[in-house]
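First the structure, in the form of structure tokens, and then the observations on it.
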Amino acid sequence: MEEKVKNITTEEQQEYVINMGPQHPSTHGVLRLVVSLKGETVKSVQPHIGYIHRGIEKMCESITYPQVIHLTDRMDYLSAHINNEAVCLAVEKALEVEISDRIKVIRTLMSELTRIQSHQLWWASFGMDLGGLTCFFYGLRDREKILDIFEETCGSRMIVSYNCPGGVMYDLHPDFAKKVKEFIRYFRKILPEYNQLLTGNVIFHERSKGIGNLSLEDAISFGITGPSGRASGFSCDVRKHEPYSAYDRVTFKEILYTQGDTYHRYVARIEEMWESMNIIEQLIDNIPEGPFAVKMKPVIKLPEGEYYQRVETARGELGVYVISDGNKNPYRVKFRSPNFVNLSVLNHIAKGFKIADLVAIGGSLDLVIPDIDR
Amino acid sequence: MPFDIYNFTSFTQWIDSSLHNAMSPFWTALTEMVIIGVLVLMFYAVVGLFLVYAERKVCAFMQNRLGPNRVGPFGIFQTIADLVKLLFVELIPIKNADGFLFNLAPFIVIIAGFMAIAAIPFANGLHAIDMNIGVLYVIAVSSMGVIGVLLAGWSSNNKYSLIGAMRSGAQIISYELSVGLALITIVILAGSMQLSVIVEAQRDGWFIFKGHIPAFIAFIIFLISSTAETNRGPFDLAEAESELTAGYHTEYSGIKFAFFFLAEYMNMFIVASIAATIFLGGWMPFHVGPWVGFNHIMDFIPPFVWYIGKTFFVIFLMMWFKWTFPRLRIDQLLTLEWKYLLPINLVNVLIMAFLVLMGWHF
Amino acid sequence: MRSIIEYLKEIVFGVWSLMQGMKVTGSYFFRPSTIVTQKYPDNRKELVMYERFKGEVVMPHNEKNEHKCTGCGICELNCPNGTIEIISKTIVTEDGKKKKAIDKHIYRLGMCTFCALCVKTCPSNALAFSQGFEHAVFNRALLIKTLNKPGSQLMKGVE
Ligand code: SF4
Ligand code: SF4
């Protein structure tokens, strides 16, 4: 008995525990990872969350539905538009409003632009995580072009608050189509450069291939969605399986790989950028005419009941679950945020790899901390 | 006063002899040491500051940015402003740090750099000391810096620092081999370890051209392993900003941090000037055998300019590496050394020895 | 022999892939025309924001110092953050009727999240967004603004 106790202490003494975060360059926000190391090898990772908890779900209970939307911007600030859309779709589903084709197309276009800019920022910061600082500036340089398009139409760059129940806030700017086409032309030239700089690089291959493998079974049982899940072969694209907005009228590939390592999570996102550009090109030339918003009642009251809507954000599946008791405020709102779920797998896949790999794996899961804490 | 920008030998000898005439040998030696010390110190500071500025500009241009552009025209005084700020910044005392070692570490790093500069021939006859084992001395001295890094990491009492320092130790000890072997390749070709003789031997062509492919391979290997030895990206594992925040100098602040910072750039300058001296002919102008007219024009450019030009070319290459590549992982770093660079290097030395034996070089 | 060829292939491929990356950064280095940095405080004059840019909420007044706000309080109701506070007063119109009117339309810039709900829902279109984005001040109290100008009146014909 005594012997056993002694063993545990020596074992524990050998462990080298470091705190990554809450302020750490590669946690991309205030996430704290308690990492036990043996030498440089990670023995376990324990995420501690809640540093940026704002109680968004609770706040939603005291405000009206149109007001909820601007809070959802602040969960996953890189998929702001898609989050907005999710709430709007849930409300529209509850009220059974028919929205026009124009609104659907506008929303789809905006979602795909959001996805591209989110992936651009992810590429930038992933490159930086691996030590290639130049990637960061190239990614941000190109993202700026999308943000300019957003700014022209929505009035803000990142926290767009562009949706409202029944449509969108403003009509598309007259220059929108022209600028988007210009951007697509530009980005089709730039994306191969990303590949030259990072994807094809032998150091990058060494750093990412075979690192942080996630099997299909684990991906499903942990509920990993988005490009991270699809890299493991989990066909989970909500746009394909439960098309919302205008996704049923475009053709696009669901990017699926089976290896599930850091490299394929990376490639899945790069490929998604190509697919998003394809989707945009299919829609941009024939945006239907019509009103940009359906007239809604000034005070929106959802009929009593429970409503659920899922959408595909840049990081995975976002679910919005609204319970209404017939009032103008929701009774309860629950967000199934993709990042919270994706974070849960970190310990599972980072175990046994080096500390540098932990950074790479964390980067490849593409975590946005405010979405985890909400 | 015999001053000639093409040959400093008579100038330095003139200073030496006039000092000898004025005072006893002991005082002469002392005065010379002080003069050289002050000169090297000034050189160190100026080059360090300039390199910081150059790096910021180079990386900015590679990244589609402007870089520093506020302080002075094109921001040239930015680094001086930064240095002044660092001088005035509070030195934060670290609880439970090993005070003596903690303070000693930056100096060791700096001193290693100083000592290496002494042996470098900047121009014809412009060097502090010309040892007959110059190459060996430079290798030995420049690797002393790792002691400072190890001490810094150990004494900071910080886990990140310790990991960084240990990485740095493993890294520098391994890459030292490659640096040494790459230089040996050229020593075989030149037949001497004396830096001035090596430079002189390149009068009719730089070694990188004279030594066929082996010299070129040695140059590439030297570039890679010296980048690793100076802890610069993509081998900056000791700092590994995204993993270890700042690695071994996480806990340093103010002027002590500035020492580490400057030392990094000075080390880069030193390895670049060694590369320039040994592979690219030092201060020797670029000569093409039979083209007399061309050679005359090249001779017209002062040797010091040649030397600086070559050094900065190598420095630019190293900056280009740093701002393009992602970082390696520690085990890959060691794999690269032991499985790729070292075997190639050994074969390379053999080939070079064979070439020299057969007299197949130019 | 085979493994040696593999080994050499690996090295050649590795070096080649690294050169690809260097080509990208190098090409940008020698093309300073691609620099995207804006010299911000220097280019203030040329810098034009998009017309829809949500800088801060303002209440446009015409040259006769009239605005369109009736003091109905809908914007206050719709603001999710309690940014807006309407202080109304009762005035007597020319034909002797008592009427509610705006006294102070208080807007706390520090609390605004630029969701545009107030601007969208105002029944008389009294609010708008300005393009100014330089909001920094030295005193927090300066962020609390009164949107209707002193002495301003309701525009004719707005109910
Ligand atoms: S600004 Fe518009 S909504 Fe607000 S009180 Fe005035 S009229 Fe009513
Ligand atoms: S923009 Fe939104 S937060 Fe700001 S005052 Fe208007 S309603 Fe309130």
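Computation of the quantities below employed the complete heavy-atom set of this structure, encompassing side-chain atoms and omitting hydrogens, waters and symmetry-equivalent molecules. Chain naming here is simple, since letters A, B, ... match the order of the sequence lines and numbering starts at 1 in each.
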Heavy-atom cut-off 4.5 Å, strictly under: side chain, backbone, both or neither for [X] against chain C?
| X | value |
| --- | --- |
| A/Val68 | neither |
| A/Arg74 | side chain |
| A/Tyr138 | side chain |
| A/Leu140 | neither |
| A/Cys164 | neither |

Please step through side-chain hydrogen bond (donor to acceptor under 3.5 Å, both in side chains) for the pair A/Asp73 and A/Asn84, ending with a clear verdict. CA-CA 6 Å; A/Asp73 278 331; A/Asn84 290 174; 2.9 Å; yes
Are A/Arg269 and A/Trp123 in a cation-pi setup, meaning NZ or CZ lies under 6.0 angstrom from the ring centre and within 45 degrees of the ring axis?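 No, A/Arg269 does not sit over the ring of A/Trp123.
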Can a cation-pi geometry be assigned to A/Lys145 and A/Phe183, taking NZ or CZ under 6.0 Å from the six-membered ring centre and within 45° of the ring axis?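 Output no; distance or angle outside limits.
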Non-hydrogen atoms of chain A under 4.5 Å away: do they reach the side chain of [X], the backbone, both or neither?
| X | value |
| --- | --- |
| C/Leu77 | backbone |
| C/Gln131 | neither |
| C/Lys120 | side chain |

[X] side, atom [atom1]; [Y] side, atom [atom2] - distance, nearest 0.5 Å:
| X | Y | atom1 | atom2 | value |
| --- | --- | --- | --- | --- |
| A/Met273 | A/Ile190 | CE | CD1 | 12.0 Å |
| A/Asp142 | A/Tyr194 | CG | OH | 3.5 Å |
| A/Leu198 | A/Cys135 | CG | SG | 4.5 Å |

Do you know which of [options] has the most heavy-atom pairs with chain C at a distance under 4.5 angstrom?
| options | value |
| --- | --- |
| A/Thr134, A/Thr64, A/Thr153 | A/Thr153 |
| A/Arg141, A/Glu206, A/Glu151 | A/Glu151 |
| A/Ile159, A/Asp148, A/Asn195 | A/Asp148 |

Quick check on the structure: residues of residues 13-28 of chain C within a heavy-atom distance below 4.5 Å of chain A, by number.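 The list, in residue order, reads C/Phe13, C/Gly14, C/Ser17, C/Leu18, C/Gln20, C/Gly21, C/Lys23, C/Val24, C/Thr25, C/Tyr28.
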Side-chain polar contacts of residues 107-114 of chain C - donor-acceptor pairs under 3.5 angstrom, sequence neighbours left out - could you list them?
from	atom 1	to	atom 2	distance (Å)
C/Tyr107	OH	C/Val57	N	3.3
C/Arg108	NH1	C/Gly82	O	3.4
C/Arg108	NH2	C/Glu85	OE1	2.5
C/Thr113	OG1	A/His70	NE2	3.3
C/Thr113	OG1	C/Asn81	ND2	2.8

Greater than 12 external heavy atoms within 6.0 Å of [X]'s [atom1]:
| X | atom1 | value |
| --- | --- | --- |
| A/Phe292 | CZ | yes |
| C/Lys145 | NZ | yes |
| A/Lys334 | NZ | yes |

C/Ile74, C/Asn78, C/Thr121: which one forms the most heavy-atom pairs within less than 4.5 Å of chain A?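 Option with the greatest count: C/Asn78.
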Between A/Tyr77 and A/Asp371, does any side-chain donor sit less than 3.5 Å from a side-chain acceptor?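 Not at all, the side chains of A/Tyr77 and A/Asp371 share no donor-acceptor pair under 3.5 Å.
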Flag the pair C/Cys75 / C/Ile86 as yes when at least one side-chain heavy-atom distance between them is below 4.5 Å, and no otherwise.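 Yes - at least one pair of side-chain heavy atoms lies under 4.5 Å apart.
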